[in-house]
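To start, the structure itself, in structure tokens.
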Amino acid sequence: MNEFYQKDIISIKEFDKEQLEKIFVSTDKIMKLQPIERREISKGKTLAYLFYEPSTRTRLSFDSAIALIGGNSLGISDISSSSTQKGESLADTVKIMSIYSDVLVLRHPLDGSSRFAAEVSSKPVINAGSGTEEHPTQAIQDLFTIRKEKKKIDGLKIGIVGDLKYGRTVYSLLYGLGNYDVTVYLISPESLRIRSDSVYEIKKRLSFTESTDIEEYIDDLDVLYVTRIQKERFPDEEEYLKVKGSYIVGLDLLQQMKNDSIILHPLPRLDEVSIDIDSTKNAKYFEQAEYGKYTRATLLGLILNKDGF
Ligand code: CP
């Protein structure tokens, strides 16, 4: 039996290097298949999405991914139009949606929400972002992008810049990178350093160097992963205003980088990556978003098929 069959995807910590490589090889395969062949993979299966927070890429790439492999989707992208407004609990909503579907995709503002949903759901649950905790399918997409664009992950020097305190993609990426031999630089304002309660967990997997100065290591990086300052997660707007616009990656900074370095961003972006960068060969964030569709189609295909595809 395929080891991902009916598996909940709650944390990237549950994946080792060998499992990630299996997903990447299957993603390479799915990208090469003819549309008619892809549509056989999960023909007639239904994905349900339940988003308690806004999303463009994650929800729509799951929508697109299930269609790519022959399935269909239904769901709630705006909870104000659901019975949550009448007071229905997350548990009951998940139980009901798992009756109508084969796999459930959940985004929720609370840490632990996806794990809780997996406990009450009769169908596999995929975490599409839980509070400030994790966004595992984003990390799979990010690692796939690095592997695809740099032809390897081991041996790379990777800088992660921006909101390292509240950015859940950062935590999942760091846990995922812990499977590889990489040099990691974490660049943020002092107040947005990686959360102290997660440092122990991250240090078990990899070592990193912290800095507040984006120029300190910029000429040595193979990958610069830029993140948005997450205004919506600050308890105090004054604190947000102090760090707003701390780092802006523009052509001046790009000139200091290696010729073959790549710039990634989970998106959405505000002003942290200048639009001048978009047309350079180093900008890979739109490719990264496209790979998200294929990595998610792969995960769904593996979760929904006993013998894989
Ligand atoms: N990267 C990401 O999670 O984007 P969305 O919030 O648009 O889904």
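Both ligands and their constituent atoms are indexed starting at 1 by order of listing. The residues of the chain are indexed from 1 along the displayed sequence. None of these values were measured; they are calculated from a predicted model.
- Aromatic ring orientation, F234 versus Y240: perpendicular (interplanar angle above 60°, classes split at 30° and 60°).
- Within 4.0 Å of ligand 1, contacts by protein heavy atoms are made from S55, T56, R57, T58, R107, H135, Q138, P266, L267.
- Both the sub-6.0 Å distance and the 45° axial angle are satisfied by R195 relative to the ring of Y171.
- Annotation: cation-pi pair K284/Y291 absent, no NZ/CZ under 6.0 Å from the ring centroid and within 45° of its normal.
- Y185 does not carry K157 over the face of its six-membered ring by the limits of under 6.0 Å from the centre and within 45° of the normal.
- Ring planes of F51 and Y49: perpendicular class, angle over 60° (limits at 30 and 60°).
- By the 30° and 60° cut-offs, the orientation of the rings of H265 relative to Y285 is perpendicular.
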